[in-house]
Enquirer: 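The structure's right below; bear with me while I get my questions together.
In the text below, chain A, chain B and the rest are named by the order of the sequence lines, each starting its count at 1.
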Number of protein chains: 2
Amino acid sequence: MQASEISTAATRQSAGEIAILKAAIRLFSENGFDGVSMRSVAEIAGVSKANIYHHFASKEALYLAIMQESAQKLSVLVDNLEEGDGDFEQRLRVFAQGHLDHLFGNASTLRLILREVFSGDDEKGRVLVEQVVGGILLRLFEIFKEGQEAGVLRAGLDPALCAMLLLGVDLFYFQSHGMLKHIPQAGFALQREQYSREMMDVILNGMLVQDVEAGVQQ
Amino acid sequence: MQASEISTAATRQSAGEIAILKAAIRLFSENGFDGVSMRSVAEIAGVSKANIYHHFASKEALYLAIMQESAQKLSVLVDNLEEGDGDFEQRLRVFAQGHLDHLFGNASTLRLILREVFSGDDEKGRVLVEQVVGGILLRLFEIFKEGQEAGVLRAGLDPALCAMLLLGVDLFYFQSHGMLKHIPQAGFALQREQYSREMMDVILNGMLVQDVEAGVQQ
DNA sequence: ATACTGACCGACCGTACGGTCAGTGTATTT
DNA sequence: AAATACACTGACCGTACGGTCGGTCAGTAT
């Protein structure tokens with residue numbers, strides 16, 4: 001009944017190492033790289049600081065390990081879109097509906113990666129693409145490209161751009177829902193489902209081919 | 001209306017103090033609060049560390065001073081954004097492009113504010129949002145509202161949501177282009193104008209009433 | 001019994017941090 | 001000429017940082 005065998009398959013992980021990773025993911029996602037000390041990680045994890053250096057070569061190495069583990073968690077999102085049944089449009093609509101919830105379900109993980117993505121640093125951006133999120137995005141682009149070849153996505157559009165728009169709309173909400181609540185006019189942002197539904201209504205209507213009325217009335 | 005004397009009127013500033021503020025804005029916007037040391041600020045500003053403490057009570061006080069100056073600067077600049085004088089669609093395209101240019105034109109200042117809004121506590125965030133985002137959102141909101149009353153914007157849509165989508169698309173690019181440009185498949189992200197144009201193609205197509213095919217070929 | 005392994009720890013190192021303080025140099029006021 | 005005001009500095013303080021080191025201890029294979 002324990003959830004203790006999550007990723008122990010690939011590399012054997014001691015209880016301490018798992019605790020370290022868990023503590024690090026929480027602290028780094030909340031406070032960023034510079035805002036976290038190895039001492040605080042050790043304390044939260046309930047191990048000695050020296051033990052962290054037994055498992056990880058440096059603070060940077062620990063950070064990178066967490067980033068990659070996090071990216072792996074997020075790739076499940078694309079799996080859902082890839083493996084769903086129905087045609088592209090149906091899968092896309094289901095995906096769009098649940099995507100935002102999924103993001104919030106992996107809040108710590110996502111915050112960690114977004115912090116890096118939005119840092120604006122060129123070098124970090126490159127490393128991020130090459131080692132962390134590049135593969136996920138390419139798979140997403142490919143799915144949209146197939147959707148276009150199937151005649152569902154409008155012909156003139158860049159599939160990658162459409163994918164990023166869909167992704168960006170949800171990421172934007174994930175990042176800024178706290179502040180959106182303070183804007184009086186933005187009543188649509190009070191509830192996640194409402195935001196997702198109305199936003200997806202606009203952008204799907206904007207990029208899908210209009211054969212019949214595409215269920216966009218209300 | 002010159003933008004050259006923003007805050008020199010209220011309090012006399014010595015050359016050293018100006019250099020400190022300038023250095024601090026650059027460093028804090030690039031590296032965040034925890035990633036900047038008072039020593040590095042002093043070095044870049046070309047003054048002693050003690051001199052910073054002569055002008056500012058603490059690191060927090062320096063950071064706060066910069067935040068306030070930046071927020072004020074941004075809110076003033078936003079008011080000068082061009083809007084275009086053509087039809088509804090043309091106005092929005094000009095506005096979106098101008099807004100995006102505006103974001104990049106004040107990159108350091110903006111990054112500073114965004115960091116605080118997205119990761120700071122609610123209280124500070126709310127003040128900043130009201131001061132910086134409020135004005136521009138309201139202007140866009142009015143444009144969309146007029147468009148809807150004129151029958152150009154689809155009737156079921158929330159004008160505030162449309163405004164938020166447009167701003168979000170620009171903001172998302174500002175924050176993520178450092179990563180996007182390292183993805184070969186995301187060629188649309190290499191040039192600002194191209195990104196803005198193609199994104200607007202999609203979302204305008206999703207928002208506007210479809211009388212004819214809305215001129216989205218290239 | 002012995003030898004070996006790997007998880008783990010307390011104590012420590014050099015450095016950099018935020019912040020303080022006594023004092024210097026230089027204008028302006030009296 | 002003396003006094004006041006203020007921008008500015010070098011040296012210093014206590015603390016916390018990332019990282020290292022010698023060593024303990026349980027498990028295990030020989």
Enquirer: Is any side-chain N or O of B/Ser14 closer than 4.0 Å to OP1 or OP2 of D/dC6?
Expert: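 No, no such contact exists.
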Enquirer: Whole Å only: how far is the CD1 atom of A/Ile20 from the P atom of C/dA7?
Expert: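 Spelled out: CD1 on A/Ile20 to P on C/dA7 is 10 Å.
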Enquirer: Give a yes or no on whether the ring-centroid distance for A/His177 and A/Phe104 is below 6.0 angstrom.
Expert: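 Distance test on ring centres: under 6.0 Å, yes.
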Enquirer: Partners of A/Asp122 by salt bridge (charged side-chain N to carboxylate O under 4.0 Å, His left out), sequence neighbours excluded?
Expert: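 Partners of A/Asp122 under the salt bridge (charged side-chain N to carboxylate O under 4.0 Å, His left out) test: B/Lys181.
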Enquirer: Under the side chain to side chain contact (heavy atoms under 4.5 Å, CB included) rule, collect the residues that match up with B/Glu142, sequence neighbours excluded.
Expert: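 By the side chain to side chain contact (heavy atoms under 4.5 Å, CB included) rule, B/Glu142 matches no residue at all.
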Enquirer: Tell me every residue that passes side-chain hydrogen bond (donor to acceptor under 3.5 Å, both in side chains) with B/His54, counting only those two or more places apart in sequence or in another chain.
Expert: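 None.
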Enquirer: Ignoring backbone atoms, test whether B/Asn51 places a side-chain nitrogen or oxygen under 4.0 Å from the OP1 or OP2 oxygen of D/dT9.
Expert: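 For D/dT9, OP1 or OP2 has a side-chain N or O of B/Asn51 closer than 4.0 Å.
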Enquirer: Can you list everything that forms a salt bridge (charged side-chain N to carboxylate O under 4.0 Å, His left out) with B/Glu193? Sequence neighbours excluded, please.
Expert: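 Testing B/Glu193 for salt bridge (charged side-chain N to carboxylate O under 4.0 Å, His left out), a comparison that skips the adjacent residues, returns none.
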Enquirer: If a protein heavy atom is under 4.0 Å from the base, mark B; if only from the sugar-phosphate, S; if neither, -; do that for nucleotides 10-21 of chain C going 5' to 3'.
Expert: B------BBBBB
Enquirer: Which residues pass the salt bridge (charged side-chain N to carboxylate O under 4.0 Å, His left out) test with B/Arg111, sequence neighbours left out?
Expert: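 Residues passing salt bridge (charged side-chain N to carboxylate O under 4.0 Å, His left out) with B/Arg111: none at all.
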Enquirer: Under the rule for side-chain hydrogen bond (donor to acceptor under 3.5 Å, both in side chains), what residues qualify as partners of A/Glu43, not counting sequence neighbours?
Expert: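 Applying side-chain hydrogen bond (donor to acceptor under 3.5 Å, both in side chains) to A/Glu43 gives none.
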Enquirer: Restricting to salt bridge (charged side-chain N to carboxylate O under 4.0 Å, His left out), what partner residues turn up for A/Arg139, sequence neighbours left out?
Expert: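 Only A/Asp79, A/Glu82 meet the salt bridge (charged side-chain N to carboxylate O under 4.0 Å, His left out) criterion with A/Arg139.
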Enquirer: Identify all pairs in which a protein N or O lies below 3.5 Å from an N or O of nucleotides 3-6 of chain C, and state each distance.
Expert:
none

